[in-house]
2 protein chains.
Amino acid sequence: MPNPPPPPRRVTIPDVARHAGVGQATAARVLGGYGSSSAATRERVLAAAAELGYSTNAVARSMISGRTHTLGVVVADVENAYFARAVRGVTDVAAKAGLHVVLANSDEKGETEKSAVQMFIERRVDGLVVAPAATDHEHLDKAVAAGIPVVLLDRALSGAGLDTVVVDNRGAAKAAVTRFTEAGHTRIAVVTSASPDENATQLAPGADIWTTTERLTGYRQALRAAGIPRGAELIRHTGYDRTWARSAVLELMSSPDRPTALFTTDNVATLGTLDALLDLDAHIPGDVSVIGFDDAEWATLVRPRLSVVSQPVQELGGLAADILVRRINGSTARPRRHTLPTAYVPRESTGPAPARVRPLRAPGE
Amino acid sequence: MPNPPPPPRRVTIPDVARHAGVGQATAARVLGGYGSSSAATRERVLAAAAELGYSTNAVARSMISGRTHTLGVVVADVENAYFARAVRGVTDVAAKAGLHVVLANSDEKGETEKSAVQMFIERRVDGLVVAPAATDHEHLDKAVAAGIPVVLLDRALSGAGLDTVVVDNRGAAKAAVTRFTEAGHTRIAVVTSASPDENATQLAPGADIWTTTERLTGYRQALRAAGIPRGAELIRHTGYDRTWARSAVLELMSSPDRPTALFTTDNVATLGTLDALLDLDAHIPGDVSVIGFDDAEWATLVRPRLSVVSQPVQELGGLAADILVRRINGSTARPRRHTLPTAYVPRESTGPAPARVRPLRAPGE
DNA sequence: CTGTTAGCGCATTCAC
DNA sequence: GTGAATGCGCTAACAG
């Protein structure tokens, strides 16, 4: 098994210096764009460089400067539209600051995230954006200890003392569900891909850091505020699977005292929920009102158009990168939480509670 | 304006060696996991390393090995679902091979792509995946000359002599449009975000490399094969903007001899087209049949469900990474084009040509 | 303004 | 099996 062959040797500064008939340091200065040099020598060096096809070795430069001009980004999954947009926000701001972005997917696995962070530390990234899947932060502390600023994205981590960029998930959810209660709904269900018991998983205590859990809390608060008894809570945990969400809603809506309003805490839950309602031939919002968390390009393509809670995803990523850039440039401001505003986008999937609850046709009938 | 402060000094191998009371080379051997060492010293070194909190400096290592264990990826826009999925495919395969992925967005600008590639060369990435926006390949040739293998993704570049991973856009489009002709449609339009005149833009000749142009060609071939005269071609170039696509289709469908079938060459065109048809209250497929290029999570959520041409996006990315890994490991196989299969996914938006063409209500009426 | 010299942290000879 | 010495390509003093 032959080892990966080493890459070909490339043209270096000494090569250029020789070719230009100048000292190594002189060539380095003009090629590196620092110090000073006469216009004459500069031209000769540049000519020699062009002739030999010289190109900077950023690795060698990084070794000295200690800066790699690289940001590490850990998200659950770039394929997820939310993270794709967030990553775009990060890269845009990063690019403007001359930083590259290295991407890692954690798939919501704490261990994967940790090893990714470890790799990033070893690779000496200049900063780290993490949408945490792990509930502890030792690995992030290590990064900070190594001089790498860390910004949390989308999810907070209590007690981590890190810059954090989030939205008020709880408040946004509460506001959304309050639309339901104000419209007279009392049977309000929530469909979420959140795990029913966070503590049963690898997650540590204090799992209220998770967005969907926060949204669930907001849902509960809205009900409570409306005087709807705790026993009337209708919660369906579906796992991160569209077909499961569909099944859950199918079952949920087959009950005689089925809900008249549905709040979905995430995109997958929303997709599965709409699948089910379509299968049931449910009239929206006549039979049931729906509000989804997170806007989507298709939200205006379904009929009725879907009312949603939207968040400024790209801005979240951009702000995270922005904070990193500032810290890289020496800012020592106390880490804080940045909460960006969400917006409720009313469209057509919400209406008053129906006077009487029509039984819904079972699917496949 | 203070310069970015240098990062703190980190624990190095000499530090560990001193602390463990061994020679530098010995410490390096056990920490680097090469050469041989006695179990006893190994333990002492490891203990010292743990105690001091040593962590490898991948930059220094790269400087010697010449390998950065990094892949550069240039796509138009990660926010685009297609590229997001492709990037995921790349990162998955890359991660398995111990490679990291650096991401750059070209926004379809050749210049942006070129500078990104240049940066990647300077940073000594081990391989490059590029979804080319530029029509020439000098910059890619430079990478190859520097010993960096390059794989083209999604779009071919004639004469570049590079590994290429694509689908048969022309054939897939032709097959899709042939469904229309076989169903008796003769007024078949295509909606595309492709530029009407490639040569008018920054693009060089031979712009038939572009996927949408290829799909357009497939459309034409299908019409010709069905004996539909060239003059009956109905092509709408809309630019990469959903609202423009909507307007174009609104106008298109207001004609008395409007088309009875619509083929959209890309996601944005599809979204805008459906916007328009929904606004027009068009009955699909009674009034007009629709086939879109590229599947989407919402394709089964609209009514009727949208028939599409789907391509194995993630696999495309995965294969690109796979080829790179092989080349990094020394493969010198002749570069070739890998064409992955597409699939026509019939759903509910396609039907026979209507007997008579019902006039469509203007929007806003 | 220019050239000489000394490292950055690690892998790698080569003697011991 | 171990340790001292050398160099990867570049930047940063420091003299000249």
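Owing to the predicted nature of the structure, the values given are computational and were not obtained by experimental measurement. In the text below, chain A, chain B and the rest are named by the order of the sequence lines, each starting its count at 1.
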Please check: side-chain N/O of [X] versus main-chain N/O of [Y], any donor-acceptor pairing under 3.5 Å?
X	Y	value
A:Asp126	A:His69	yes
B:Ser37	B:Arg42	no
A:Glu113	A:Ala134	yes

Check the distance between [N]'s [atom2] and [X]'s [atom1] and give it to me in whole angstrom.
X	N	atom1	atom2	value
B:Arg42	D:dG1	CZ	C1'	11 Å
A:Met63	C:dC8	CE	P	9 Å
A:Asp15	D:dC10	CG	P	9 Å
A:His69	D:dC10	NE2	C1'	13 Å
B:Arg123	D:dC10	CZ	P	15 Å
A:Arg67	D:dA12	CZ	P	13 Å
A:Leu31	C:dG3	CG	P	13 Å

How is B:Val22 classified with respect to the nucleic acid when contacts are heavy atoms under 4.0 Å: base, sugar-phosphate, or nothing?
sugar-phosphate

Contact class for B:Ile13 (heavy atom, under 4.0 Å): base, sugar-phosphate, or nothing?
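Here B:Ile13 touches the backbone only, sparing every base.
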
[X] side chain near [N] phosphate (N/O to OP1/OP2, under 4.0 Å):
X	N	result
B:Thr56	C:dG9	no
B:Tyr34	C:dT13	no
B:Ser38	D:dT2	yes
A:Thr26	C:dG3	yes
A:Arg61	D:dT11	yes
B:Thr41	D:dT2	yes
A:Ser37	C:dC1	no

Can you find a donor-acceptor N/O pair under 3.5 angstrom joining the side chain of A:Arg29 to the base of C:dG3?
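Looking at the base of C:dG3, it does pair with a donor or acceptor on the side chain of A:Arg29 (distance under 3.5 Å).
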
Would you mind telling me which of [options] lies closest to the side-chain atoms of [X]?
X	options	answer
A:Gln24	D:dG1, D:dC10, D:dC8	D:dC10
A:Ile64	C:dC1, C:dC10, D:dC10	D:dC10
A:Ala25	D:dC10, C:dC10, C:dT4	C:dT4

Checking side-chain contact (heavy atoms from CB on, under 4.5 Å) between B:Phe83 and each of B:Asn105, B:Val73, B:Val75, which is the one that passes?
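Answer to the side-chain contact (heavy atoms from CB on, under 4.5 Å) test with B:Phe83 among B:Asn105, B:Val73, B:Val75: B:Val75.
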
B:Ala60 or B:Ala27, whichever maps to the more 5' nucleotide of DNA chain D
B:Ala27

Under-4.0 Å salt bridge between B:Lys96 and B:Asp92:
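Between B:Asp92 and B:Lys96 there is no salt bridge, as every charged N stays at least 4.0 Å from the carboxylate O atoms.
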
